[in-house]
Protein chains: 2
Amino acid sequence: MKLTEAEWQIMNALWQKHPATAREVMDRLDRRVQWAYTTIKTMLTRLVEKKAVGEIKQGNTSVYDPLVSQQKARLSAFRSLLDQAFDGAMGPLVHFLAEEKQLSAKEKKELARILESEAENKGE
Amino acid sequence: MKLTEAEWQIMNALWQKHPATAREVMDRLDRRVQWAYTTIKTMLTRLVEKKAVGEIKQGNTSVYDPLVSQQKARLSAFRSLLDQAFDGAMGPLVHFLAEEKQLSAKEKKELARILESEAENKGE
DNA sequence: AAGATTTTACTACATCTGTAGAAGGCGCCA
DNA sequence: TGGCGCCTTCTACAGATGTAGTAAAATCTT
């Protein structure tokens, strides 16, 4: 389930609250996104075709519901990034994150802390 | 500097060893990628147009060199993913990673460990 | 130097993406 | 009941992307 950039915008809005009509999706779209109503309808239609979203008619109006969870979509995007840009492995990503000056030490520590504790209590 | 999927393939090959000719890039392409020589040339040309790659003629043959570092490209891809799929923040990503069963506790701990130590000695 | 091989520069073309307009249908209000 | 406003379905269309073929020029090989 590969989503395009524009599709992510729509999905993000839909995950926020659903089921939702096209108009509701529109209202919840990121502020930076200023699309015509029909553009949103087009995206929604394409997402329905891709089975990423379900559509039911409520009278004359369509109501949409995500068919893929945010978690699933995120996983797929994450894996793609890993494959494409990090040799498909966590190692290079970790290395990159560690090297990256753009991430403050604070962010890194936070990241480390959460992962640490998660690994602790969910560890197998 | 946004790279497409196909462009990543080329860049990955080019970062491996450079400068390199189109033919050398071809030889280093991921095994799964079976492109015609001219396809590679086309990609290279487009990358030159985008200023992601430099080109110099060595006699009749072009030799290419990356103009963007792998680190930079990775950062840009990482940020895009963050913006698009994780509300632009590390928080949700961390959360996702922690929740994600696909990542073993071992991987998580490893990740945590490296980040922790990095944060320690480079910390500001 | 002629043939074989390699490279280059152009052109091609189907899909996918982003973005929307047009036109027709439906319900509600005056 | 005639509009007004909102919803729907279709159609459009340019630019990006993936993937190459052609033909001509340069180079190597005997």
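Treat the numbers as computed from the prediction; the structure is a model and nothing was measured.
Contact check, A:Thr39 against C:dT19: no side-chain N or O comes under 4.0 Å of OP1 or OP2.
The closest side-chain heavy-atom distance from A:Leu3 to A:Leu47 is below 4.5 Å. Residues B:Glu7 and B:Lys50 are in side-chain contact: their nearest non-hydrogen atoms beyond the backbone lie under 4.5 Å apart. Side-chain contact check for B:Lys41 versus B:Ser62: some heavy-atom pair is nearer than 4.5 Å.
Closest approach of A:Pro92 to A:Asp87, counting heavy atoms only: CG-OD2, 4.2 Å. For the residue pair B:Ser80 and B:Lys2, the shortest heavy atom distance occurs at OG-NZ, 3.1 Å. Of all heavy-atom pairs spanning A:Arg74 and A:Trp8, the tightest one is N-CH2, 4.0 Å.
Atom CE in B:Met1 sits roughly 15 Å away from atom C1' in D:dA16 (whole-Å rounding). Computed from coordinates, the B:Trp35 CH2 to D:dG21 C1' distance equals 17 Å when rounded to whole Å. When the C1' atom of D:dG5 is taken as reference, atom CG of A:Asn60 falls 12 Å away, rounded to whole Å. Rounded to whole Å, atom P of C:dT5 lies 16 Å from atom OH of B:Tyr37. Atom CG in B:Leu3 sits roughly 15 Å away from atom P in D:dA16 (whole-Å rounding). We find that CD of B:Gln58 is positioned 19 Å from P of C:dT6, with the value rounded to whole Å. Rounded to an integer number of Å, the gap from B:Ile40 CD1 to C:dT8 C1' is 14 Å. The CZ-P distance, from B:Arg32 to D:dG18, rounds to 16 Å in whole Å.
Listed nucleotides: C:dT7, D:dG21, C:dA20. Nearest to the side chain of B:Thr61: C:dT7.
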Subject >> Steps toward side chain to side chain contact (heavy atoms under 4.5 Å, CB included) verdict (B:Lys51, B:Val68) >> reply: CA-CA 8 Å; B:Lys51 316 271 194 203; B:Val68 286; over 6 Å; no
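Residues from residues 12-28 of chain B with heavy atoms under 4.0 angstrom of DNA chain D: there are none.
In this structure, A:Lys72 places its NZ atom where only 12 or fewer heavy-atom neighbours from other residues, nucleotides or ligands lie under 6.0 Å away.
Of the options A:Asp65, A:Val25, A:Val53, a side chain to side chain contact (heavy atoms under 4.5 Å, CB included) to A:His18 is made by A:Asp65 and by none of the others.
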Subject >> Contact letters for nucleotides 9-17 of chain C, in which S counts primed atoms plus P, OP1 and OP2 and B counts the base, heavy atoms under 4.0 Å >> reply: B-------B
